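Bear in mind the structure is a predicted one, so any value in this text is a computation, not a measurement.
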Amino acid sequence: MANIKSSAKRVLVSRAYAARNKADRSALKTSIKKFEAAAADSDRETAETAYKAAVKSIDRAVSKGLIHKNNAAHKKSKMAVKFNALAE
């Protein structure tokens, strides 16, 4: 354990941020998996709601700094291709 009070506080604060980031990353992955499952079932209506939720969570992750904006663009592009393939 740290001897300096401010460094001890930093340990606690960084643990809190790490836990929050982990929860946010997990929620992001879950929303993407829900879309993937709906797309695999070829359920257009469920996929549409899951797509909107996933894009929203991806954008939120970018604004929080969890993922890079190019990574987000890649994920959204791949999902859009899958979603548009359901229309055919």
Side-chain angles (χ1 to χ4, degrees):
M1 188 67 187
N3 291 329
I4 300 172
K5 191 173 184 179
S6 62
S7 63
K9 182 181 177 183
R10 288 308 314 161
V11 169
L12 296 176
V13 170
S14 65
R15 283 185 186 157
Y17 277 121
R20 191 175 301 133
N21 286 339
K22 187 173 184 178
D24 290 343
R25 249 186 250 111
S26 176
L28 171 66
K29 289 178 186 178
T30 302
S31 67
I32 292 172
K33 286 179 185 176
K34 284 182 181 177
F35 168 74
E36 296 290 340
D41 292 341
S42 299
D43 186 6
R44 174 116 175 117
E45 294 164 2
T46 308
E48 185 174 4
T49 58
Y51 174 75
K52 289 179 182 178
V55 167
K56 186 175 181 179
S57 64
I58 289 172
D59 290 336
R60 192 177 311 118
V62 170
S63 69
K64 290 182 177 184
L66 291 176
I67 59 174
H68 193 271
K69 64 180 182 175
N70 290 351
N71 187 347
H74 183 185
K75 288 182 188 300
K76 290 193 289 187
S77 175
K78 288 292 186 185
M79 286 194 318
V81 167
K82 287 184 181 181
F83 181 68
N84 290 334
L86 291 176
E88 297 172 354

Legend entry - Pair Arg60 + Asp24: basic N to acidic O under 4.0 Å: no
Legend entry - Aromatic Phe83 / basic Arg44 pairing, under 6.0 angstrom, 45° off normal: yes
Legend entry - Reported CZ-to-CZ distance for the pair Arg15 and Arg20, which is rounded to 0.5 angstrom: 15.0 Å
Inset, instruction - Supply the members, apart from Val13, of the Ile/Leu/Val/Met/Phe/Trp/Tyr cluster built from side-chain contacts under 4.5 Å; use none for a lone residue. - result: Tyr17
Legend entry - Spacing of Lys9 atom NZ and Ser7 atom OG [to the nearest 0.5 Å]: 12.0 Å
Inset, instruction - Using modelled atom types only, decide if a donor and an acceptor are shared between the side chain of Asn71 and the backbone of Ile67 within a distance under 3.5 Å. - result: no
Inset, instruction - Could you point out which residue of Lys52, Glu48, Lys82 forms a side chain to side chain contact (heavy atoms under 4.5 Å, CB included) with Phe35? - result: Lys82
Legend entry - Between NZ on residue Lys34 and OG1 on residue Thr49, distance to nearest 0.5 Å: 9.5 Å
Inset, instruction - Working to the nearest 0.5 Å, report the span between CD1 of Ile32 and OG of Ser57. - result: 6.0 Å
Inset, instruction - Step by step, work out the side chain to side chain contact (heavy atoms under 4.5 Å, CB included) result for Leu66 and Leu28. - result: CA-CA 10 Å; Leu66 291 176; Leu28 171 66; 5.7 Å; no
Legend entry - Lys76, NZ: over 12 other non-hydrogen atoms inside 6.0 angstrom: yes
Inset, instruction - First locate atom CD1 of Ile58, then atom NZ of Lys56, and finally report the distance between them rounded to the nearest 0.5 Å. - result: 13.5 Å
